[in-house]
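Pasting a structure below so you can have a look.
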Number of protein chains: 2
Amino acid sequence: MNKLPEKTIGRLSEYRRTLLNCLAKGKTHIYSHELASLHNITPVQVRRDIMLIGYSTTLKKGYDVKALIDVIGDIIDTEDGLNAAVIGIGNLGKAITAYFNGKRSKLRIVATFDVNPDKTNRVISGVKCYAMADFEKMVKDLDISIGILTVPPEEAAQVTERLIMSGIKGILNYTSTSLNVSPNVYLEEYDMITSIEKVAYFVKQQNKES
Amino acid sequence: MNKLPEKTIGRLSEYRRTLLNCLAKGKTHIYSHELASLHNITPVQVRRDIMLIGYSTTLKKGYDVKALIDVIGDIIDTEDGLNAAVIGIGNLGKAITAYFNGKRSKLRIVATFDVNPDKTNRVISGVKCYAMADFEKMVKDLDISIGILTVPPEEAAQVTERLIMSGIKGILNYTSTSLNVSPNVYLEEYDMITSIEKVAYFVKQQNKES
DNA sequence: TTTTTATTGTTAATCAATTAACAATGTTTA
DNA sequence: TAAACATTGTTAATTGATTAACAATAAAAA
Ligand SMILES: NC(=O)c1ccc[n+]([C@@H]2O[C@H](COP(=O)([O-])OP(=O)(O)OC[C@H]3O[C@@H](n4cnc5c(N)ncnc54)[C@H](O)[C@@H]3O)[C@@H](O)[C@H]2O)c1
Ligand SMILES: NC(=O)c1ccc[n+]([C@@H]2O[C@H](COP(=O)([O-])OP(=O)(O)OC[C@H]3O[C@@H](n4cnc5c(N)ncnc54)[C@H](O)[C@@H]3O)[C@@H](O)[C@H]2O)c1
């Protein structure tokens, strides 16, 4: 199961989210065209993604929701799960920490870090906040391999250095500074302003047409 | 300047963010390879994107930072700017509203909306929060064309209906429910769990290799 | 001044992602 | 039961995005 396209991984995660919903609603099977329309994509795309992960159904009643969830889990999750930390527990960091808690069993936010002494050594949004001074130690102790970066933009580069030095293997960067990392560290960046500017551009186009 | 690829629009927004930083630091010109390395992409990609928007430089000193910012602005921004609203002013909504305020002159969060009476008719994160009861009226009065959706997932579909009915033309959906909209409304979705799961997947792959 | 170097703009080639097409086959209807 | 239909899995074709290649040329060096 090596080398799935990045795009496919993203969609698998989204499928699973939807499938978990279906399961909660008592739906046991789902057609490719149903899953597709729930994600605004084509049924072929769904079938192709599912083909790539090697799942297939015998019935003509669509995919078995439970089974598909498990297969996607085998792809995305590790057996023991991975531990993540939020670095910079300000507005966004708090929102993410509070939101994430308990959503996924194989992915846990086990610590947060900050430099502000008013925040450190307390539980914030349900997770203990440690001082940055203890960062390297805690990464080891808690076996943290993923960092979610929500520090101020001007701190981002310097903090990233430390994340990498401490052995963190994946970074989700929400700061508005884009980062450079060594090739053995996976970096995912997301900038909200870019998203809203994309929306704005297409709204503008729409207005022009009419 | 019609029909630029969506990917290019996203990158232009990112370039501008970087260019604004450069300008603030007093840098007046920038080479394609500099801009590229700041975004972990190739210089050709940068040059191609810039070619597509019709900007070109005469000097061999790289692009004029100020001029390029303006050209990107001509593409992305509208002359009078666009107004956005945040719907659901909880943890995430508050973080976004506080963060966004004043970041872009041609894009403004002019209102927030909520159903919780403790939140309505107050200023939250610097912006007035209105009751959902007033939604349609305020969209008209304030000329809101973009909605940023941060309500609970189970409310998302129903609220979206209302956004569209009220004439909103672009939606940025941060809820974990994926939405269906009519083709004349632009929808951008972002799910944090998908992002972190992508990171987890690639960390897992990395671990397997070593 | 001439040569070398560095950089852009652009076309062509490559690579990646999506979609179309369709055979295979289980399910439903007549 | 036979025919019609619906659905999957997969290959081939198409579309889209990125990268390579390189001519043109300004700037710097010789
Ligand atoms: N709030 C949003 O919705 C939003 C949206 C997009 C991007 N961002 C980005 O996310 C980041 C955080 O935004 P925010 O609104 O939460 O800001 P914030 O100021 O509320 O939080 C930043 C936190 O980081 C801590 N911090 C500062 N320096 C640190 C360091 N060196 N190490 C560890 N912690 C440190 C601060 O004490 C604070 O708690 C910013 O880079 C911002 O650009 C935020
Ligand atoms: N917090 C995060 O970092 C995060 C991350 C990813 C996704 N999300 C998604 O964003 C959404 C909001 O998350 P949150 O953590 O801010 O939740 P929250 O509960 O803190 O905030 C939700 C807000 O929406 C309001 N609301 C409820 N029903 C409404 C309605 N019908 N119309 C208008 N407002 C309504 C509530 O009063 C509340 O203020 C959720 O859908 C969640 O899945 C949040």
Side-chain angles (χ1 to χ4, degrees), chain A residues 1-15 19 22 27-68 71-72 75 178 183 189 194 198 201-202 205, chain B residues 1-15 19 22 27-68 71-72 75 178 183 189 194 198 201-202 205:
Chain A
M1 200 50 52
N2 260 341
K3 279 291 142 210
L4 291 169
E6 192 165 326
K7 286 281 187 74
T8 295
I9 298 300
R11 282 190 300 261
L12 289 173
S13 163
E14 286 159 9
Y15 298 158
L19 292 166
C22 291
K27 194 169 166 60
T28 61
H29 291 81
I30 191 166
Y31 295 122
S32 59
H33 61 84
E34 293 176 297
L35 203 41
S37 100
L38 288 168
H39 292 95
N40 300 308
I41 58 177
T42 65
V44 196
Q45 180 96 85
V46 170
R47 296 208 298 276
R48 199 165 208 297
D49 286 335
I50 289 175
M51 181 192 87
L52 290 176
I53 64 176
Y55 172 79
S56 78
T57 178
T58 46
L59 283 349
K60 284 270 183 297
K61 288 285 181 183
Y63 304 105
D64 183 306
V65 173
K66 182 93 186 45
L68 191 46
V71 177
I72 295 175
I75 304 286
S178 99
E189 308 204 293
T194 292
K198 275 169 78 175
Y201 172 79
F202 286 99
Q205 293 296 106
Chain B
M1 201 50 54
N2 262 341
K3 280 293 141 203
L4 291 169
E6 193 165 325
K7 287 281 188 72
T8 295
I9 298 299
R11 284 191 299 262
L12 288 174
S13 164
E14 287 159 9
Y15 298 158
L19 292 166
C22 290
K27 193 168 167 60
T28 61
H29 291 80
I30 191 166
Y31 295 122
S32 59
H33 65 256
E34 294 178 295
L35 203 42
S37 99
L38 289 168
H39 291 95
N40 301 307
I41 57 176
T42 65
V44 195
Q45 181 96 85
V46 170
R47 297 208 297 277
R48 199 166 208 296
D49 286 335
I50 290 174
M51 181 191 86
L52 289 176
I53 64 176
Y55 173 79
S56 79
T57 178
T58 46
L59 282 351
K60 284 269 183 295
K61 288 284 181 186
Y63 303 106
D64 183 307
V65 173
K66 182 90 186 47
L68 191 46
V71 177
I72 294 175
I75 303 287
S178 101
E189 308 204 293
T194 292
K198 275 168 77 174
Y201 172 80
F202 286 99
Q205 292 297 107

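Order of the sequence lines fixes the chain letters, A, B, ..., with proteins taken first and strands second; residue numbering starts at 1 for each chain.
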B:Asp64 CG to D:dA26 C1', straight-line distance once rounded to whole Å:
16 Å
Sidechain-backbone polar pair: A:Gln45 side chain, A:Thr42 backbone, donor-acceptor under 3.5 Å:
no
What is the distance from CG of B:Leu35 to P of C:dT7, rounded to the nearest Å?
14 Å
When the distance from CD of B:Glu6 to C1' of C:dT18 is rounded to whole Å, what number comes out?
15 Å
What's the separation between atom OG1 in A:Thr57 and atom CD1 in A:Ile30, rounded to the nearest 0.5 Å?
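If we round to the nearest 0.5 Å, A:Thr57:OG1 and A:Ile30:CD1 are 12.5 Å apart.
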Rounded distance in Å - CG (B:Leu52) to P (C:dT8):
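Whole-Å distance recorded here is 16 Å.
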So, for A:Tyr201 and B:Lys3, which heavy atoms are closest and what is the spacing to 0.1 Å?
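Looking at all heavy atoms of both residues, the closest pair is OH-N, 4.3 Å.
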Angle of first-five versus last-five pair axes in the helix from C:dT1-D:dA30 to C:dA30-D:dT1, to 10 degrees
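Between the axes fitted at each end of the helix from C:dT1-D:dA30 to C:dA30-D:dT1 lies an angle of 10°.
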Locate the shortest heavy-atom distance separating B:Val65 from B:Lys27; write the atom from each residue and the value.
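Here B:Val65 and B:Lys27 meet closest at CG2-O, 3.7 Å.
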Which pair of heavy atoms, one from A:His29 and one from A:Asp64, lies closest together, and at what distance?
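Reported closest heavy-atom pair: CD2-CA, 3.8 Å.
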Given atom CD1 of B:Ile41 and atom P of D:dT18, what is their separation to the nearest angstrom?
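Computing the B:Ile41:CD1 to D:dT18:P distance gives 9 Å.
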Any heavy-atom pair between the side chains of B:Leu4 and B:Asp49 that's under 4.5 Å?
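Side-chain contact under 4.5 Å: no.
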N/O contacts under 3.5 Å, protein versus nucleotides 7-11 of chain D?
{"residue": "D:dT8", "atom": "OP1", "partner": "A:Ser32", "partner atom": "N", "Å": "2.9"}
{"residue": "D:dT8", "atom": "OP2", "partner": "A:Ser32", "partner atom": "OG", "Å": "2.5"}
{"residue": "D:dG9", "atom": "OP1", "partner": "A:Thr57", "partner atom": "N", "Å": "2.8"}
{"residue": "D:dG9", "atom": "OP2", "partner": "A:Tyr63", "partner atom": "OH", "Å": "3.0"}
{"residue": "D:dG9", "atom": "N7", "partner": "A:Arg47", "partner atom": "NE", "Å": "2.9"}
{"residue": "D:dG9", "atom": "O6", "partner": "A:Arg47", "partner atom": "NH2", "Å": "2.7"}

Which heavy atom in B:Tyr63 sits nearest to a heavy atom in B:Leu68, and how many Å separate them?
CB-CD2, 3.9 Å
May I have the distance from B:Gln45 (atom CD) to D:dA20 (atom C1'), rounded to whole angstrom?
13 Å
To the nearest angstrom, how far is B:Lys3 atom NZ from D:dT15 atom P?
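Computing the B:Lys3:NZ to D:dT15:P distance gives 16 Å.
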B:His39: which residues meet the ring-ring contact (aromatic ring centres under 6.0 Å, His included) condition with it, sequence neighbours left out?
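For B:His39 the ring-ring contact (aromatic ring centres under 6.0 Å, His included) partners, ignoring immediate neighbours, are B:Tyr15.
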